[in-house]
Amino acid sequence: MNKINGLALIMIGLLHSAIALGIPGALGFSGIWQEIISLGVVDAAKSNQLRIWGYYWLLVPGFLMILYGFLCHWIENQLNLPLPAFVGWGLLIVSCFCILLDIDTGFWLVLLVAVNAIITSRHAKVEG
């Protein structure tokens, strides 16, 4: 499926960020914003504040996935090129590592994008 990798990554990132921001309690982070504010916000994500540090690492990947998705979308739609194979392989490696560490992860969705990116790049190589 051509030209959907970028949009898929954007949607995954938006979903991840929306859950992290909208319902942090569903992921074990009830009252996290009160904790962050009570510490003064600036430099609140320290290793001695494990809940805040964990929430920080929950929140940041969603935003990075959105940015990466926009870059992939631009490559696929503005440059009208398939993603390079290394993008798919990189996503595959990261996804597998994250799934290995946590089976109940959203990286299963990224794994699907990785496989699609690899297949799309191979088809483009054969056709081109």
Side-chain angles (χ1 to χ4, degrees):
M1 296 205 290
N2 295 337
K3 299 185 179 190
I4 65 162
N5 298 304
L7 284 178
L9 291 173
I10 293 167
M11 296 307 295
I12 293 167
L14 286 172
L15 177 64
H16 193 274
S17 299
I19 291 170
L21 288 170
I23 50 172
L27 301 170
F29 291 104
S30 298
I32 194 70
W33 286 105
Q34 290 82 359
E35 288 181 44
I36 292 170
I37 291 168
S38 73
L39 289 172
V41 181
V42 176
D43 203 27
K46 293 184 175 189
S47 59
N48 64 345
Q49 297 291 332
L50 288 180
R51 262 179 52 86
I52 295 172
W53 192 69
Y55 183 70
Y56 170 78
W57 283 109
L58 169 69
L59 201 54
V60 170
F63 295 137
L64 292 175
M65 190 69 65
I66 294 167
L67 289 173
Y68 195 66
F70 274 116
L71 177 60
C72 292
H73 180 72
W74 180 73
I75 291 169
E76 291 174 324
N77 292 283
Q78 295 299 314
L79 298 179
N80 204 26
L81 296 170
L83 294 178
F86 71 82
V87 171
W89 287 107
L91 287 171
L92 181 75
I93 291 166
V94 170
S95 297
C96 288
F97 178 72
C98 292
I99 291 167
L100 181 67
L101 292 179
D102 181 13
I103 263 315
D104 300 330
T105 182
F107 271 97
W108 289 100
L109 296 173
V110 178
L111 181 68
L112 295 174
V113 175
V115 170
N116 187 61
I118 292 167
I119 291 169
T120 303
S121 70
R122 284 187 182 231
H123 284 170
K125 196 175 193 181
V126 169
E127 292 173 5

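Remember, it's a predicted structure, so these values are computed and weren't measured experimentally.
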Inset, instruction - Report whether Leu27 and Trp57 are members of the same hydrophobic cluster (ILVMFWY, side-chain heavy atoms less than 4.5 Å apart, transitive linking). - result: no

Inset, instruction - Could you grab the distance from atom CH2 of Trp108 to atom OG of Ser95, nearest 0.5 Å is fine? - result: 10.0 Å

Inset, instruction - Report yes if some heavy atom in the side chain of Asn116 is under 4.5 Å from a heavy atom in the side chain of Ile4; otherwise report no. - result: yes

Inset, instruction - Would you kindly confirm whether Leu71 and Val60 end up in one hydrophobic cluster when ILVMFWY residues are joined by side chain heavy atoms under 4.5 Å apart? - result: no

Legend entry - Step-by-step side-chain contact (heavy atoms from CB on, under 4.5 Å) determination, Met65 to His16: CA-CA 9 Å; Met65 190 69 65; His16 193 274; over 6 Å; no

Legend entry - Leu83 side chain near Thr120 side chain, heavy-atom distance below 4.5 Å: no

Legend entry - Point-to-point distance, once rounded to the nearest 0.5 Å, from SG of Cys72 to CG of Asn77: 11.0 Å

Inset, instruction - Examine Ile103 and Val94 and state if one hydrophobic cluster contains both, with Ile, Leu, Val, Met, Phe, Trp and Tyr joined whenever side-chain heavy atoms are less than 4.5 Å apart. - result: yes

Inset, instruction - Give the cluster check for Leu81 versus Phe86: same hydrophobic cluster or not, with ILVMFWY residues linked at side-chain heavy-atom distances below 4.5 Å. - result: yes

Inset, instruction - Please name the residue in the list Leu92, Leu91, Ile118 that meets the side-chain contact (heavy atoms from CB on, under 4.5 Å) test with Val113. - result: Leu91

Legend entry - Heavy-atom donor-acceptor pair, Arg51 side chain to Ser30 backbone, under 3.5 Å: yes

Inset, instruction - Grab the two heavy atoms, one from Ile12 and one from Val110, that are nearest each other, plus how far apart they are. - result: CD1-N, 3.9 Å

Inset, instruction - Check Pro84 against Ser121 and note the closest heavy-atom contact, atom names and distance. - result: C-CB, 4.3 Å

Legend entry - From CG (Leu58) to CD1 (Ile32), nearest 0.5 Å: 9.5 Å

Legend entry - Side-chain heavy atoms of Val87 within contact of Tyr68, under 4.5 Å: yes

Inset, instruction - Find the distance between CD1 (Ile75) and CG (Asn5) and round it off to the nearest 0.5 Å. - result: 10.5 Å

Legend entry - Same apolar cluster (I L V M F W Y, side chains within < 4.5 Å links), Trp53/Ile36: no

Legend entry - Inter-residue atom distance Phe107.CZ - Leu109.CG, 0.5 Å rounding: 10.0 Å

Inset, instruction - Enter the distance from Leu67:CG to Ile10:CD1 here, rounded to the nearest 0.5 Å. - result: 9.5 Å

Inset, instruction - Would you indicate whether the side-chain heavy atoms of Leu9 and Phe70 approach each other to under 4.5 Å? - result: no

Inset, instruction - Considering non-hydrogen atoms only, spot the tightest contact between Cys98 and Thr105 and give its length. - result: O-CG2, 4.2 Å

Legend entry - Check: Tyr55 side chain, Ala20 main-chain N or O, donor-acceptor pair, under 3.5 Å: yes

